[in-house]
Amino acid sequence: MATTAFVGLPKRMLAASIDGQDVSVPEGATILDACRGMHIDTPTLCYLETLTPVNVCRVCVVEVEGSRVLVPACSRKIEAGMKIHTDSDRVRHSRKLVLEFLASSVDMSLSSPEVHGWMQRYGAAPKRFGPKAATVAQPVKVDNDLYVRDYSRCILCYKCVEACGVDAQNTFALGVAGRGFDAHISTEFTVPLPESACVYCGNCIGVCPTGALMFKSEHDMREAGTWDEEKQTVTETVCPYCGVGCMLELHVQDNSIVKVTSPLDHSVTSGHLCIKGRFGFQFVQKRRGGGGGPG
Amino acid sequence: MQIRATGGPATAEEMQAVDSVLGQPHSLWEGGERAPSDDHLARGGRETRSQRHLLLPVLHSIQDRVGWVSRGGLEYACRRLSVPPAEAYGVVTFYDRFATDKRPPLAVHVCDDVACKCAGADELCAALESAFGPSGPSGSHSGAAWYRSPCLGLCDQAPAVLMERSGMGHVEGRITHAEPEVVRGVLDGGEWPQAEAVGIPQPRSELRLLRRAGEIDPESFDSYRAAGGYSAFRRALELGPEGVIRELTDAKLLGRGGAAFPTGRKWDAVARTPARPHHLVTNADESEPGTFKDRVLMEGDPFAIVEAMTIAALATGCERGYLYVRTEYPLARHRIENAVGQARAHGFLGDDVAGTGAHFDIEVRRGAGAYEETALFNSIEGKRGEPRNKPPFPVQAGLFGKPTLVNNVETLMNVLEILNGGAAAYAATGTADSTGTRLFCMSGHVRAPGVYEVPMGTTLRALIAMAGGLHEGRELQAVLLGGAAGSFVTEKQLDVPLSFEGTRAIGATLGSGAVIVLDDTADLNQILLRIARFFKHESCGQCVPCRVGTQRQEEILQRVLASRGTNGREGDIALLGEIAQAMRDASICGLGQTAASAIQSAFVQLGVGR
Ligand SMILES: Cc1cc2nc3c(=O)[nH]c(=O)nc-3n(C[C@H](O)[C@H](O)[C@H](O)COP(=O)(O)O)c2cc1C
Ligand code: SF4
Ligand code: SF4
Ligand code: SF4
Ligand code: FES
Ligand code: FES
């Protein structure tokens, strides 16, 4: 039976097969688009709907008949007649190894529950590389009052670089430096953020999948052991500063705003804000009697 | 874009180095003095940004002049080219060629790769270590420092050393068959020894692609013409673009850069792609350990490469050609630049190529280490040399996003042979599926290392015999065929015909044509570790399977060879196999895909670790 995956405006339709099921998708759709349309859960780490695919993490790889190597589902466009396998031994093996490679070298404890689910599904056992396996562990960079950078949690997904660059902010304060296992996200000559071009829009924080980039308020509360997502509520509102009308999600704990996000699929923001909407909320919590909140 | 520069001013030297490439800045906006008009008129838009491709030439210029790239120097380059400093920092730290910490002016690069190990590189490094401290800028000594280096492409004259002195007159030189005393003398500030001339050990009568190298004056256009130069070009004009491509297809020429892609099909695809302009790129960034044939061709017969590029351009509609030559090949670069200049002066390049009305010119780009084709495009564009995901393929979207024909130097040399002698005659040499001759880089434990040209299908045994065989009383341990990305073959497999299909049949590859012969004195464990280190070092770091896989491969290999496995020996060997499969299946480019092949073959073929 043919399934149709709805992934965009009507275009020329291409027929392919995924895991033995026929599927027809509009021209230009990626394998990931089709998999999502068919409710095939496909792990992704470096992919984000609002950013240009960089296809570097390789956790989304699938097998395409006739291709010598596996191909990244997130960026490979479907071609007519493609026969795709998303759960073959080779696919499972590479996905498992990619997750093990990352989890053995990076602190992934703050990644989403989905990521931990994939680790389980593929039986990832990062410890098997041994206790001396090299990691990217390093001290947290706290060089400004608004957000911190903990690159021991960085999987090098390039999302922050893209968000700071042409995909959103066009500020280019961050880049990928070095190479090989030493490749890392950096400002020029590793200068602290206040010396860099950063304008504190926080868009890099918004896209970071591992908690490597984090509001300082969240970081401090985690350090103090007071961060508690169970106790947090999210209030949706519109930014009061200018006429653009960005939608804000205010994360509130103990009657204080602890971080600000915007929905990825919001037509005005695509999840991106500026320094005012992202960090300029202290005035809200200026309480009578002069006591300020933690933000 | 406004470039925020907080690193302090560049030095006068750094500014001169940058301006020597870009010319004087015209305004404050481009890093110059503030002029009254600058208060009203901002510069630095698209026009400035379109010069991004000059970032590497600018960085080379600073590195040559000062010996390293400081923050002030980099930021000046950024202002002049309108490149964000964080991005430029990513570029400068990507390439080994550039240093971002202060370095002494004299840099001595000592090869400790596989072929040089066979000729005493480890002893040489040990001697330098005891005299000057460990490799790197910290082991510096009276204005000099020494660095361990991967293969320098001088494997036939091992151990090899490359020297350079930064300054106003940047100079480069090499030491072949390097003796510890000689290298020590250079580091102590002594005279540089005269390097030996390249020798092609084979009798001239057997040579085709190599027949002019060493015979003609490589700096003289007239000498090249007198040796039959530009006869293939004349033939190409008679045949016309389609005829040329048909000849290549009929000759069944396969690319010599490693991937063995049919050259005729590639040229045809570019010629037919409607998008314009088309670009031509010659990959002369030969970096596969054990490979030096392209260097020998460029040093010995540079005009031939210019001629072949011109033919390619006319056949596929390219107006601009780039030759990206390895920075460790200063002599080759110099000779190619000279050849391009002379060809232009004789009207064979430029606005009206040899009276045909066609426009074509060549720019020689000094490499920094980006040999995979799409990494090379990024490098020419002034970016980090990270390979791109394919598709799109270069013939569709390559350099600057335009249809691009990229070929290896040796492939181009074959084009001349095919046009001069005709496809049928060409295809009569070699095997049915692998036509023509092939250049093999013989190094390691053979009596007469060097480049050898033999018909495809010649056996490995015969090739080793041509190179003088092993030294007296020694026995063969293994041959590393195809370089670090290739595989080990054993005594039992010496009768393998060296053709694409012949090597494939035994699970090996011709690769880049590197043949490193190892006798029973070679320390195979050290060689395997060196190969693992090579891949870890060369990984661009972009994709997880290769970035972490090459790191883990080295860690676990160390454990296995030292029998200290935490999973037990067998468990660790199995784990290496699992890592190998993920790297091969899921890496973006050929580097990660082949990073485990030699090491895996050592386990399978040689029983290492058992
Ligand atoms: C890791 C890696 C290293 C490569 N090194 C070289 C090289 O040193 N020289 C070269 O010409 N091609 C090299 N190639 C192949 C190029 O990507 C490209 O296929 C080749 O230049 C095309 O030319 P050809 O068709 O004439 O062989 C390399 C490829 C990979 C994946
Ligand atoms: S906060 Fe904004 S400007 Fe600063 S690094 Fe992040 S994305 Fe770039
Ligand atoms: S800091 Fe976060 S967003 Fe940036 S590369 Fe690392 S994991 Fe990705
Ligand atoms: S395989 Fe290695 S060199 Fe190639 S893109 Fe991936 S990390 Fe870079
Ligand atoms: S999600 Fe596809 S490569 Fe990262
Ligand atoms: S020059 Fe040393 S191995 Fe090639």
Side-chain angles (χ1 to χ4, degrees), chain A residues 45-46 53-59 61 63 68-72 75-77 90-91 93-98 100-102 104-106 128-134 155-156 158 161 164-165 170-184 186-191 195-197, chain B residues 1-7 70-71 74-75 78 83-96 100 384-386 389 391 535-552 555-556 559 565-567 571-572 575 578-579 581-588 593:
Chain A
L45 288 167
C46 67
V54 284
N55 46 67
V56 294
C57 78
R58 318 303 280 184
V59 78
V61 286
E63 194 166 343
R68 186 175 47 87
V69 291
L70 304 179
V71 307
S75 60
R76 183 61 177 268
K77 295 199 168 61
R90 282 174 78 197
V91 169
H93 179 81
S94 279
R95 289 182 178 179
K96 171 182 170 183
L97 268 282
V98 163
E100 288 180 330
F101 283 154
L102 286 175
S104 65
S105 53
V106 182
R128 65 195 184 120
F129 298 120
K132 294 209 192 112
I155 57 167
L156 215 69
Y158 286 54
V161 177
C164 191
N170 278 292
T171 293
F172 307 97
L174 302 172
V176 181
R179 67 185 297 157
F181 194 74
D182 296 323
H184 58 281
S186 183
T187 55
E188 63 274 21
F189 285 85
T190 62
V191 302
E195 268 184 64
S196 78
Chain B
M1 132 195 14
Q2 195 191 346
I3 302 296
R4 179 151 193 229
T6 52
S70 76
R71 195 170 149 203
L74 186 70
E75 286 180 351
C78 288
V83 177
E87 223 177 285
Y89 181 69
V91 173
V92 77
T93 54
F94 181 86
Y95 300 103
D96 253 4
T100 50
R384 291 166 59 81
E386 292 174 353
N389 211 55
F535 283 107
K536 178 181 125 170
H537 179 263
E538 294 296 306
S539 167
C540 80
Q542 190 183 193
C543 67
V544 176
C546 170
R547 176 177 80 237
V548 187
T550 54
Q551 168 72 31
R552 294 287 178 261
E555 289 168 358
I556 298 168
R559 285 203 310 245
T566 42
N567 301 324
D572 270 341
L575 187 53
E578 287 194 38
I579 293 172
Q581 193 190 331
M583 289 200 285
R584 190 168 52 237
D585 276 351
S587 294
I588 293 182
Q593 288 160 10

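All chains are named by letter (A, B, ...) in the order of the sequence lines, taking the proteins before the strands, and each is independently numbered beginning at 1.
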Could you look at [X] and say if it's the side chain, the backbone, both or neither that has a heavy atom under 4.5 Å from chain A?
| X | result |
| --- | --- |
| Glu578(B) | both |
| Arg547(B) | both |
| Ile579(B) | both |
| Ile588(B) | both |
| Thr550(B) | neither |

Self-check item: Any residue meeting side-chain hydrogen bond (donor to acceptor under 3.5 Å, both in side chains) with Ser186(A), in chain and number order, not counting sequence neighbours
Solution: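 Partners of Ser186(A) under the side-chain hydrogen bond (donor to acceptor under 3.5 Å, both in side chains) test: none.
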Side chains of [X] and [Y], heavy atoms from C-beta outward: is any pair under 4.5 Å?
| X | Y | answer |
| --- | --- | --- |
| Glu188(A) | Glu195(A) | no |
| Val56(A) | Glu386(B) | no |
| Gln542(B) | Arg384(B) | no |

Counting only non-hydrogen atoms closer than 4.5 Å, does [X] touch chain B with its backbone (N, CA, C, O), its side chain (CB onward), both, or neither?
| X | value |
| --- | --- |
| Val191(A) | side chain |
| Thr187(A) | backbone |
| Arg76(A) | side chain |

Select, from [options], the one with the greatest count of heavy-atom pairs under 4.5 Å involving chain B.
| options | answer |
| --- | --- |
| Ala197(A), Ser196(A), Gly175(A) | Ser196(A) |
| Gly180(A), Ala173(A), Ala183(A), Pro53(A) | Gly180(A) |
| Val59(A), Leu45(A), Leu156(A), Val61(A) | Leu156(A) |
| Ser94(A), Ser75(A), Pro72(A) | Ser94(A) |

Quiz item: Who wins among Ala5(B), Ala88(B), Ala586(B), Cys546(B) for the most heavy-atom pairs under 4.5 Å with chain A?
Solution: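 Between Ala5(B), Ala88(B), Ala586(B), Cys546(B), the count favours Ala586(B).
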Self-check item: chain A contacts, top residue of Glu75(B), Glu538(B), Arg584(B), Lys536(B) (heavy-atom pairs, under 4.5 Å)
Solution: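 Among Glu75(B), Glu538(B), Arg584(B), Lys536(B), the one with the most close pairs to chain A is Glu538(B).
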Practice problem: Ignoring hydrogens and angles, tell me if any N or O in the side chain of Tyr95(B) forms a donor-acceptor pair with the backbone of Gly385(B) under 3.5 Å. | Solution: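 At least one qualifying donor-acceptor pair exists.
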Quiz item: Do side-chain atoms of Arg179(A) reach the backbone of Phe94(B) as a donor and acceptor pair under 3.5 angstrom?
Solution: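 Here the side-chain-to-backbone pair exists.
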Quiz prompt | Distance-minimising heavy-atom pair for Arg559(B) and Gly130(A) | solution =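 Closest approach of Arg559(B) to Gly130(A): NH1-CA, 4.1 Å.
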Self-check item: Closest non-hydrogen atom pair, Gln551(B) against Ala134(A)
Solution: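 Nearest pair, atom of Gln551(B) first, then Ala134(A): NE2-CB, 3.3 Å.
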Practice problem: Only counting residues at least two apart or in another chain, list the ones meeting side-chain contact (heavy atoms from CB on, under 4.5 Å) with Ser104(A). | Solution: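 With neighbours one apart ignored, the set is Pro126(A), Phe129(A), Arg552(B).
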